[in-house]
A.B. asks: 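This is the structure I want to talk about, given as structure tokens.
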Amino acid sequence: MTEPKGRDDHKRNRRGYLRDFEKRADGSYSYTGQIWHADQVLRRRMLRKLWILQAVMLVSVLLPGFVTTAGLLNTYYVILPYAFWFLSDIILTYTLGAMTFGGNPLRNYIYERSVTQYALRTVLPLAGAALTAAGQIIFLLRGGGGEGGIVCLLCCVVQIAMSVVAGRSRPADIWTT
């Protein structure tokens, strides 16, 4: 029979962060896990920059959906990458929201799910926009026409540029334990 593993040896699963809470005598719980701190001025400046970039990214993903883009009407090789791009931007917005509303100091499980994942998650909308642009170009080269193709391509370029800038911002650099 094997010995039970210690608290740090357990593989952290989806609800593993619950082990970081201890029950007090009065019945309430206190967090005993690792805490991350950031300078308030640097955090505010970083979050302002990231939210501005995120707002531009959301506009760039929503605009092709509202403009009658010919490739988005009946072409699966444009629609599927666009759907991936849209969902990726929503996931990135959620990650930034968790980073923002997690507060300062930030609990470790929130830090791991938001700050450490942010740079990786900026790549997903970039890939979605690049694939959408490739699909739109294929659509146009195959003789497709209609309105909004250029708007869609410009929005893809804006998304790619904003994703690169956001990915290079490195929000993890301002946090310390």
Side-chain angles (χ1 to χ4, degrees), residues 2-65 81-133 155-177:
T2 61
E3 302 244 342
K5 294 184 178 183
R7 179 177 163 165
D8 294 331
D9 294 338
H10 277 201
K11 181 180 176 184
R12 306 259 326 170
N13 61 14
R14 192 170 148 179
R15 299 195 189 278
Y17 68 91
L18 293 175
R19 287 187 219 106
D20 293 335
F21 289 90
E22 290 184 4
K23 193 170 188 176
R24 294 183 187 164
D26 63 356
S28 64
Y29 288 89
S30 66
Y31 182 75
T32 59
Q34 187 176 12
I35 300 288
W36 293 85
H37 300 275
D39 178 68
Q40 194 63 30
V41 174
L42 292 175
R43 180 180 179 269
R44 188 176 303 125
R45 190 178 307 146
M46 174 72 71
L47 289 175
R48 185 179 311 126
K49 174 186 172 183
L50 294 178
W51 276 111
I52 289 170
L53 292 170
Q54 191 63 34
V56 173
M57 286 189 254
L58 286 172
V59 169
S60 72
V61 74
L62 291 174
L63 189 60
Y82 177 75
F84 174 72
W85 174 20
F86 178 78
L87 291 174
S88 298
D89 261 340
I90 298 301
I91 291 169
L92 189 61
T93 303
Y94 177 81
T95 303
L96 185 55
M99 189 186 320
T100 302
F101 299 114
N104 187 18
L106 197 61
R107 293 177 176 176
N108 190 51
Y109 63 94
I110 298 172
Y111 178 84
E112 288 175 355
R113 292 179 182 173
S114 60
V115 176
T116 60
Q117 297 295 315
Y118 186 79
L120 174 66
R121 291 182 181 168
T122 60
V123 176
L124 298 175
L126 185 149
L131 291 171
T132 302
C155 287
C156 290
V157 169
V158 168
Q159 174 68 58
I160 291 168
M162 294 299 108
S163 291
V164 168
V165 172
R168 289 185 177 180
S169 63
R170 299 188 341 229
D173 290 352
I174 65 169
W175 294 93
T176 58
T177 56

A.B. asks: Could you go through Val115 and Trp36, starting from their C-alpha distance and side-chain angles, then the distance that decides it, and tell me whether this counts as side-chain contact (heavy atoms from CB on, under 4.5 Å)?
C.D. replies: CA-CA 10 Å; Val115 176; Trp36 293 85; over 6 Å; no
A.B. asks: What pair of heavy atoms forms the shortest contact from Asp89 to Met57, and how long is it?
C.D. replies: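 Result for this residue pair: OD2-O, 3.3 Å.
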A.B. asks: Quick one: OH on Tyr94 to CZ on Arg121, what's the gap to the nearest 0.5 Å?
C.D. replies: 9.0 Å
A.B. asks: Could you grab the distance from atom CD of Gln159 to atom CG of Leu53, nearest 0.5 Å is fine?
C.D. replies: 10.0 Å
A.B. asks: Less than 4.5 Å apart, side chain to side chain, heavy atoms only: is that true for Met162 and Ser60?
C.D. replies: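 Side chain of Met162 against side chain of Ser60, heavy atoms only: no contact under 4.5 Å found.
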A.B. asks: Once you round to the nearest 0.5 Å, how far does CD1 of Ile110 lie from OG1 of Thr116?
C.D. replies: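 With rounding to 0.5 Å, CD1 (Ile110) is 12.0 Å from OG1 (Thr116).
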A.B. asks: When the ring planes of Tyr111 and Trp175 are compared, do they come out parallel, tilted or perpendicular, using 30° and 60° as the limits?
C.D. replies: perpendicular
A.B. asks: So, do Leu124 and Leu92 sit near enough that their side-chain heavy atoms are less than 4.5 Å apart?
C.D. replies: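 Counting from C-beta outward, Leu124 and Leu92 never come under 4.5 Å.
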A.B. asks: Is any side-chain heavy atom of Leu131 closer than 4.5 Å to one of Trp85?
C.D. replies: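 Side-chain contact under 4.5 Å: no.
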A.B. asks: Any heavy-atom pair between the side chains of Asp39 and Ile174 that's under 4.5 Å?
C.D. replies: no
A.B. asks: Ignoring hydrogens, what is the shortest heavy-atom contact between Pro171 and Met46? Give both atom names and the distance.
C.D. replies: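 Scanning both residues, the minimum pair turns out to be CA-CE, 3.8 Å.
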A.B. asks: Would you sort out whether Arg113 and Thr95 count as a side-chain contact (heavy atoms from CB on, under 4.5 Å), showing the intermediate values?
C.D. replies: CA-CA 7 Å; Arg113 292 179 182 173; Thr95 303; over 6 Å; no
A.B. asks: Taking it one step at a time, do Val56 and Trp51 satisfy side-chain contact (heavy atoms from CB on, under 4.5 Å)?
C.D. replies: CA-CA 9 Å; Val56 173; Trp51 276 111; over 6 Å; no
A.B. asks: Rounded to the nearest 0.5 Å, how far does CG of Leu106 lie from CZ of Arg43?
C.D. replies: 7.5 Å
A.B. asks: Can you name the closest pair of heavy atoms from Asn104 and Gln40 and give their distance?
C.D. replies: ND2-OE1, 3.0 Å
A.B. asks: Looking at every non-hydrogen atom in both residues, tell me the closest pair between Ser169 and Leu50 and how far apart they are.
C.D. replies: OG-CD2, 3.2 Å
A.B. asks: Are the side chains of Arg45 and Lys49 in touch, meaning some heavy atoms are under 4.5 Å apart?
C.D. replies: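 A side-chain contact under 4.5 Å is absent here.
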A.B. asks: Is there a side-chain contact between Pro125 and Val61 (heavy atoms, below 4.5 Å)?
C.D. replies: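 In short, these two side chains do not touch, never coming nearer than 4.5 Å.
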A.B. asks: Which atom names give the shortest non-hydrogen contact between Phe84 and Gly128, and what distance separates them?
C.D. replies: CD2-CA, 3.6 Å
A.B. asks: Do side-chain atoms of Ser163 reach the backbone of Ile160 as a donor and acceptor pair under 3.5 angstrom?
C.D. replies: no
A.B. asks: Is there a side-chain contact between Phe86 and Leu58 in this structure, where contact means two heavy atoms from C-beta onward sitting under 4.5 Å apart?
C.D. replies: no
A.B. asks: Between Ser114 and Ala98, what is the shortest heavy-atom contact and its length?
C.D. replies: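 What the structure gives for the nearest pair is CB-CB, 4.0 Å.
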